[in-house]
Structure formats: C-alpha cells, structure tokens
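Order of the sequence lines sets the chain letters (A, B, ...), proteins ahead of strands, with each chain counted from 1.
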Amino acid sequence: MVVRGYVTLHVPCRYSYLRIIRQSVMDLCARAGLTEFKAAQMEMAVDEACANIIEHSYGGETNDEKEPRHPGIRVNLMHCTDRIVVEMLDRGKGFAFEQQQTIEPQQYVESQNQRGLGMFIIRSFVDDVAYETGTRAGNCLRLTKMLH
Amino acid sequence: MVVRGYVTLHVPCRYSYLRIIRQSVMDLCARAGLTEFKAAQMEMAVDEACANIIEHSYGGETNDEKEPRHPGIRVNLMHCTDRIVVEMLDRGKGFAFEQQQTIEPQQYVESQNQRGLGMFIIRSFVDDVAYETGTRAGNCLRLTKMLH
Amino acid sequence: MRECSIELEEKGELSILRLDGSLDAYSFPRLESTLGQLQEGGKHRVILDCAALEYVSSAALGALIGFARRAREKGGDLKLAGLSPKIYNIVELLGFNKILEVCDSVEDADKRFGSGG
Amino acid sequence: MRECSIELEEKGELSILRLDGSLDAYSFPRLESTLGQLQEGGKHRVILDCAALEYVSSAALGALIGFARRAREKGGDLKLAGLSPKIYNIVELLGFNKILEVCDSVEDADKRFGSGG
Ligand SMILES: Nc1ncnc2c1ncn2[C@@H]1O[C@H](COP(=O)(O)OP(=O)(O)O)[C@@H](O)[C@H]1O
Ligand SMILES: Nc1ncnc2c1ncn2[C@@H]1O[C@H](COP(=O)(O)OP(=O)(O)O)[C@@H](O)[C@H]1O
C-alpha cells in the first residue's frame, strides 16, 4: 500500500488538543480529495475515539505537572492510494473493543444513561475499524475510510 | 523547565505540509497566551526554517513514491512556563549555521540574488536560536520565544 | 479551526446564542453552563445560531437534546439555526433532525417561536 | 488555516486579485504565474485584495516587490489592500510598507490608481 501523505501527531491527554487532531484529519482528507461529507464523518469518528481515550483509557485529563511524563495520545494519519487510515495509540488501560455494545442514535436519545453513541459513530462512520490492546506502542485503534 | 503543553509533528518533506506546521504553532501560541503579534513572528520564523529544510537541507521536495522512506521533518512544539520552544529536526545535509550570512530587509530588496532574508527573519523574530548538526535525531534548529 | 466563542443576545423572550468555532469535549462544558443559567433564569426560548459553527461532537448534540426537552416541558424550545451543510449532514445522519428543530436562519427560528413554538 | 484561493476580477484597466488563505512556499507559485500572465498581457495595474489572507511568507513578499517594480516601469503598480493587523505588522517589521503601497481597502487602492497611480 503506497503511502501518499502522512501526518504523525503526539499530544497531551487533554481535551483542548482534540481540535488540533481534527484539524490534521481535515487537512489530510482534503489533500486526499475526500468529499466534505466523508471527511466530516472521519473527523467525527476520530474525535469521538480520542475523547474516549482521554475519558476511558486514561480515566481523565492529566494536569499540567504530570504532562511531560504522561504518554499522551499518538495519532498516525495516512493517505494511501485508495483510503485514509488513522491510528490512535494510547498507553492507558484499553478495553474489550469487540464486547463493547453500540447504541443506535434513536435508542440513545431515549436511554437514561446515554452511553454507547460514540462507539456507534466510530463503527458506522468509517469503512473499517480494528482495535488491538497491548501492542508495543500501546493500545491501537485503526480507522479506515475508503476514498470512493 | 516545566512543560505546560506540547505538540509533536512528523510530516513529509513537502511544502504543502507547511500549513499544518504553522497551524500547530499558532495553536500552541494561543494556548500559551502569546500576543497575536508575537505569535505571528514565531509562525513566520518556523515557516521560513521549515521551507529552508525542504529547499536546502533536503535539496527539494520528495515525490510521492519516496515519501514513506524519506525521513521527513519532525517538529517539537513546547509551551514551557515562560516561553514557547519549537525544535525542527531533519536528516538532510544541514549547514554551517553560524557562518551563514543574514541580510537586512532593506539590502535584500536592493540585492540581485535575494538570498538571506529567511535567516534574518529566523534570527530577528525570535529571542533565541540554536542549531546543531548530526545529533542522534538529525540536524536540530531550536527557536525560543519568551512569553513576556 | 477556531476555539469556541459564545455570544448571548437577549431579544424579548428569546435568547440567541451565537456559536463560533467548534463545540467539542473541551468547549462544550462552557455552552452547557450558559444554557443551564438560562434555564435557571426561566429563559426557555433559545436559538443557537450555528452559522459559524465548525464542528459539534455527538456528546454535545446529545446534551442539546436534553436541553431542548426540558425547555419544551416549560413551553419553550431550543432550536438550531443556520447549520452548515457539513454539520447538517451529520445531524441528519444521526437522525437528530427529527428531535431537534433545525431552522434555516435565526429569523426563521424566531418566526417559528412567534407562531406558538 | 485555509489553502490559498485566488480570484481575478478585471475592472477596466484594473486587475483585482482576491486572495483567500495563506501564501506560502506551496501556494505562492500559483499567484506568481497569475501575476506573470497579467504582466505579459500588458495589465500593469494590479490590486491584491488581502482581506482574507491569513499568512504570507517573506519569499512571497519579496517576489511581490519584484512585480510591483516591473509594473511601475510600465506606468502601473501592484498595491496591497485590506491587510489584517497581523500581516500588516509583519510587512511593517520588514520595512516592506516603504516599498509596496499598502491601502486600507480595494476602493482606496482603486482611488489611488485613479489619481495617476
Ligand atoms: N479508548 C477506550 N478505552 C477504554 N474504554 C473505552 C474506550 N472507548 C470506549 N470505551 C468503553 O466503551 C464505552 C462506550 O463508549 P462510547 O460509545 O464512546 O460512549 P461513552 O464514551 O459516552 O461512554 C465507554 O463507556 C467505555 O467503557
Ligand atoms: N536548513 C538548512 N539546511 C541547509 N542549508 C540551509 C538551511 N537553512 C538555510 N540554509 C543556507 O542558508 C542560506 C540562506 O538561507 P535564507 O536566508 O533562508 O535564504 P534563501 O533560503 O532564500 O537562500 C541558504 O541559501 C542555504 O545555503
């Protein structure tokens, strides 16, 4: 698979950096010629996944003092011949991805605890999702969106 | 020196990625509370330095096919207590930084070959410049701008 | 992409919130507290002017649905106005346009409130 | 930050180029070739509408100075209009405001051309 473009990012475990991650996603998608609509789906899936890393895998944001030693979030964005691939890596606790239940937006708005919409978006807004815990680089969630 | 925020970027050796680097600079500067004017100076110094890496250290852009194996440009942006530090790393040929002549804008516009304005901007738009060739991570140019 | 800014304009019974930038996990709490204050102050007719909105997260949309419902219980509503095609597409994809009222513009939303909304 | 878009409007003798986004090592060659074409076509009165310009590199500014000079030799000029404070500051810091004519707006630049500029 020929890599035509890439951006690798490493940012602290803080919500205020989600914006810069989304920006990089949109930039690479535009570069790859993805439609605005598909790019917006990829943007949202990545944003949800990164917010989940902060909230669930790391159990919340780090504070300033811990930041330099905190492993943070690594994001590898790649534009390959026919697809955009985004990998998100963290060294938090990870989770049993396959067992995680998703919730349809319709049920979500009727539910009490409002959990699971993020996983629905991640699964339904991209063409392929793969998750692996405990790789050498940490937990890795890989989202793939085809250009056509 | 306490690091309060950081963004680490790795991008291909292509001019089209300068924009994403500048964006990250502006984002970190805003976060650090740098004035718009100082942020614009840092943005321009980093942009000139990265353009120089592509043009001079690597001798031009890579083409798509070579990209995955090309070392590209690494940029470490840090917001420390009282300063913003941006390091740019490349594995190209590097140069004798101290021997490089700078040219004042006034002379620049009168000169024939129009060389040296980039170095002037890099030197005069930030508070400290350090350059080292052949470190373990490659050639490293470090620009520092104080917040106050 | 810009940080989120929120501007409040009070126009009679109406509260118009102009959003600029992106509503994500970082910025949403700020809008949430503004909306909470309006609700506590008995202001239940709210228009979110989204013309300059660049991004909205699903959690933010979910919370907006909650606000809209509570407003409706008090005879008011929370309406979205001026969504960009990009954001409208997302809202539609999630089916949230069936739950939240989405208007073309602030004027349009204003009118709909006027006629008993 | 947006990619650079360039729009050309011809208004009598005047060529107005609307720049949107950032002029850097990547996008500048495109503006350079547009300016080159204007010059070849004998169009020497050019206004760059910079109101939506977010960034301009020093190399781009240097090249604009070259274009302005060649235009002046033909009795024309290249004027900058509507610079944001951020960009104006940079231009001033480099002293390029003494070489390039910087106008408040396109109308202002237009007027200055009118009076024999
Ligand atoms: N990166 C992650 N690390 C650990 N657990 C996760 C991660 N992402 C999701 N989860 C788990 O999956 C659940 C569902 O996630 P999601 O659908 O995004 O809803 P929410 O985040 O609102 O709970 C979470 O409550 C959490 O238990
Ligand atoms: N990163 C770099 N690697 C190698 N050589 C460089 C680098 N940056 C600058 N130089 C050298 O310094 C000279 C001056 O650079 P600069 O002031 O930016 O002007 P210009 O790029 O227009 O030549 C260049 O012509 C080049 O020889």
Legend entry - Per-residue contact mode, B:H79 against chain A (heavy atom under 4.5 angstrom):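 Contact with chain A is absent: no heavy atom of B:H79 under 4.5 Å.
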Legend entry - Heavy-atom contact with chain A under 4.5 Å, split by part of B:R19: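 Only the side chain of B:R19 comes within 4.5 Å of chain A.
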Inset, instruction - Quick one: pull up CG in A:L77 and CD1 in B:I20 and give me the separation to the nearest 0.5 Å. - result: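 Between atom CG of A:L77 and atom CD1 of B:I20 there are 7.5 Å.
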Legend entry - Any residue of residues 23-40 of chain A which, by heavy atoms, sits under 4.5 Å from chain B: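 If one takes a 4.5 Å heavy-atom cut-off, the residues of residues 23-40 of chain A near chain B are A:Q23, A:S24, A:D27, A:L28, A:R31.
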Legend entry - Toward chain B: residues of residues 6-17 of chain A with heavy atoms under 4.5 Å: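 Result: A:Y6, A:V7, A:T8, A:L9, A:H10, A:V11, A:P12, A:S16, A:Y17.
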Donor-acceptor pairs are to be reported for all side-chain atoms of residues 93-101 of chain B against protein atoms at under 3.5 Å, with residues two or more places apart or in another chain.
residue : atom : partner : partner atom : Å
B:K93   : NZ   : B:H56   : O            : 3.0

Legend entry - Residues from residues 120-148 of chain B approaching chain A under 4.5 Å (heavy atoms):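 Against chain A, none of the residues of residues 120-148 of chain B fall inside the cut-off of heavy atoms under 4.5 Å.
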